[in-house]
Every structure is written in C-alpha cells, then in structure tokens.
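Here is the structure we will look at.
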Amino acid sequence: MAANDEDTSKRRRLDVKMPTLQLLNGTTIPALGLGTFGGSDPPHIMAEAVRKALELGYRSFDCAECYGNELELGVEFSRFLASGASKREELFVASKVWNTNHSPEHVREACLNTLQNLQVKYLDLYLLHWPMAWEYVGKAPFSTSVPRDDQGRPKLARIALHRTWAAMEALVDEGKVKHIGISNFTALLLGDLLNYARIPPACNQVEMTPYLQQRNLLEMCRRNGVILAAYCPLGRRELLQETAVQRIATAHGTSPAAVVLAWAVTRGTLVLPKSSNAERLAENLSACELQLRLDDMRDLDSLECGKRIDTFAAQNGCIFID
Ligand code: A2P
C-alpha cells in the first residue's frame, strides 16, 4: 500500500464519464464496477477499498455471500449513503446466492441475510453464483462453506436449476431484488434457462479476458438481451505482462490494466476489476475514458487461447462445455 493511500484529502472524486449498459427494461448500469472478492485481503481491507472506490466515483459493486465480507462492506455503503453523497438509487449493488443455498427456502434466507449485511433494502441484481447445487450446511455464517465428502469432493444436492430460478423470480415479485441473473453459465445452460424462465436473466457473469473471450456466449447474450459481465478481468494481473498489452499502454500513455479493461468496455461487456489500492482503483476507473483503436482491439483479440485463470471450477468438479 502506498504511503499516502490512507490520505483521503488527496483522494477526490475522479471526473470520469462512465459508459453504461442497458438492461432489457431500460435500466442503465455502469460498465465498470468494483469486484469485491478479496482473495487474500481480509474483510476490513475490502471494506476500505469500497470506501475509497465510493470516494473516487465507483457506483457499481459486485458482492457475494461467499466472499465473506458483506457485513463489513455494508457498513461502508451505509456510511456513504448516510453522508448524503449519493442516493441509494445511484448505486448498483449486486450479490450472489451460494451453491449450498439452492433450495427455494434457502435462496430467500440467503438473500435476506445479504440484504441485512449490506444494509440495503433491495439489491439491484441477485445472481445464481454457480450452476451447481451443494448440500445445505446451515444458516450464515456456515452457509458459505464447502461441504465435502471423505474424498474431498463437494457434496452435491439434488435440486434442479429451474426450482432455484423460480425462487429467484419470487424475490423480484417480493421487491427484494430489482433484477436477477446468473454466473458461470455456459451457452448451453443459458439456452435451457431461457426456455423456462418467467423472468429472463439480466446478466451472466463469467471469467472473461483477452485469453478467454467467450465469443459464442457473448453472441448468445447479445441476441437475448443478457449483459455479459467479466470477473477476473485482469487475469489476476497475468494479462498485464503481455507484450501487446504493454505496447498498447505505452502508445496511449496509460497503464496495461487500463488497456485490458478498456478492451472489455469497448466490446460492450460489463467489467469488474478488484483492487484494494487507491491508486490502482483510480487507474482502473480511468479505463472508461480510454479510446482503443481498431488495430489495438484486433491485437488484443489475437490473445485468445482459452486460458482460464480462476481455479475454483476445476478444483470443485465444474466442467465448462459450450
Ligand atoms: P490490488 O488489490 O493490490 O490492486 P482481477 O480483477 O483480474 O481478479 O485481478 C485482481 C488483482 O489485480 C489483484 O491482485 C489486484 O491487486 C491487482 N490489480 C488490480 N488493479 C490493478 C492495476 N491497475 N494494476 C496492477 N494490478 C492491479
């Protein structure tokens, strides 16, 4: 952390014109938001990151019950709103239901718990975190652990996705969430969901980088009015070492991170970089103003190699087949 990282007097709101994406019902959402999966950062560090991000002008936050920090993040949202700096409707707060809470009554229980922790009356978006159901392990704080059998594999639960989705739809009916969506759904699973959904998903959040561009899925999302959102968009920094990325950054007088994020925004996808550092938070926000050229986009597109950086799926028996 830089020496002046805590000096809020030096951290003023950036004057960045934020591009937006439009949901099917006309609601607009910022094209860039803060990913709040802290990784090795403990909850209080991620909460500080949210405070810094709010001050800088971030208005979209991607949370999840399994990140284990919603309670701490909620304190920051509540403080910020109480300060009068923004109205609730100017924030876009998303969260996700964990794999152990797929049965309809647990979907509702998990959502109410998240609302309480984040200190908001409604969520702007609630996502089904993974298309795989695991055994229920009790209420929060236990609800987000991974139930494992004696060979270390996650214990599956026999709950069909359509039942979980119906419970998500009921949360919209009840006014607890404005929109519902999915995460880690392949094109095949999305196609199936669209066959039975009474309320179609507003968003699908997947790992997406120049290495893993999700072209088929993006095409399918576009055809069906589903926003495709990118987690792990910097490839946990790996992308920043790419020669093409560094060359484009130098040519534009900007950072490699801004280039990778601008690539995502230019494609019309939602991008959710995580940082807990004020300077890097600002750098990432500035990506919204970077105008990449066609040849920059082409060079970044040529990095496609199908490489997945996030190891969670592979470690837990989820195979991605388009
Ligand atoms: P930090 O939180 O210390 O800034 P991803 O969003 O792909 O999951 O990547 C997150 C990782 O990238 C974190 O380790 C984060 O570290 C780092 N990171 C975020 N923004 C930048 C940036 N602008 N430059 C370099 N590293 C960054």
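All residue numbers refer to positions in the sequence shown, counting from 1. Start at 1 and go down the list; that is how both ligands and their atoms are numbered.
Shortest contact from atom 12 (O) of ligand 1 to any protein heavy atom: R237 CG, 3.4 Å. Looking at atom 20 (N) of ligand 1, its nearest protein heavy atom turns out to be N284 ND2, 3.0 Å. Nearest protein heavy-atom contact of atom 27 (C) of ligand 1 is R280 CD, 3.5 Å.
Set against the non-hydrogen atoms of G235, the atoms of ligand 1 under 4.0 Å away are 7 (O). Near L240, meaning under 4.0 Å from any of its heavy atoms, are these atoms of ligand 1: 24 (N), 25 (C), 26 (N). Of all the atoms in ligand 1, the ones that sit under 4.0 Å from a non-hydrogen atom of C232 are 5 (P), 7 (O), 8 (O). Taking every non-hydrogen atom of E283 and a distance limit under 4.0 Å, the qualifying atoms of ligand 1 come out as 22 (C), 23 (N), 24 (N). Each of the following atoms of ligand 1 lies closer than 4.0 Å to a heavy atom of R236: 5 (P), 7 (O), 8 (O), 9 (O). Annotation for ligand 1: atoms under 4.0 Å from non-hydrogen atoms of P273 are 6 (O).
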### W130/F185 under ring-ring contact (aromatic ring centres under 6.0 Å, His included): CA gap, chis, key distance, verdict
CA-CA 7 Å; W130 287 90; F185 270 51; 9.9 Å; no
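In this structure, Q205 and L228 have side chains that are not in contact, with every pair of non-hydrogen atoms separated by 4.5 Å or more. At a threshold of 4.5 Å between non-hydrogen side-chain atoms, the residues D301 and W263 count as touching.
Contact analysis leaves S255 out of contact with ligand 1, as no non-hydrogen atom separation drops below 4.0 angstrom.
Residue A257 has no N or O atom closer than 3.5 Å to an N or O atom of ligand 1. Between K274 and ligand 1, a contact under 3.5 Å exists for at least one N or O pair.
Every residue two or more places apart in sequence or in another chain was checked for a side chain to side chain donor-acceptor pair (under 3.5 Å) with E72, and none qualifies.
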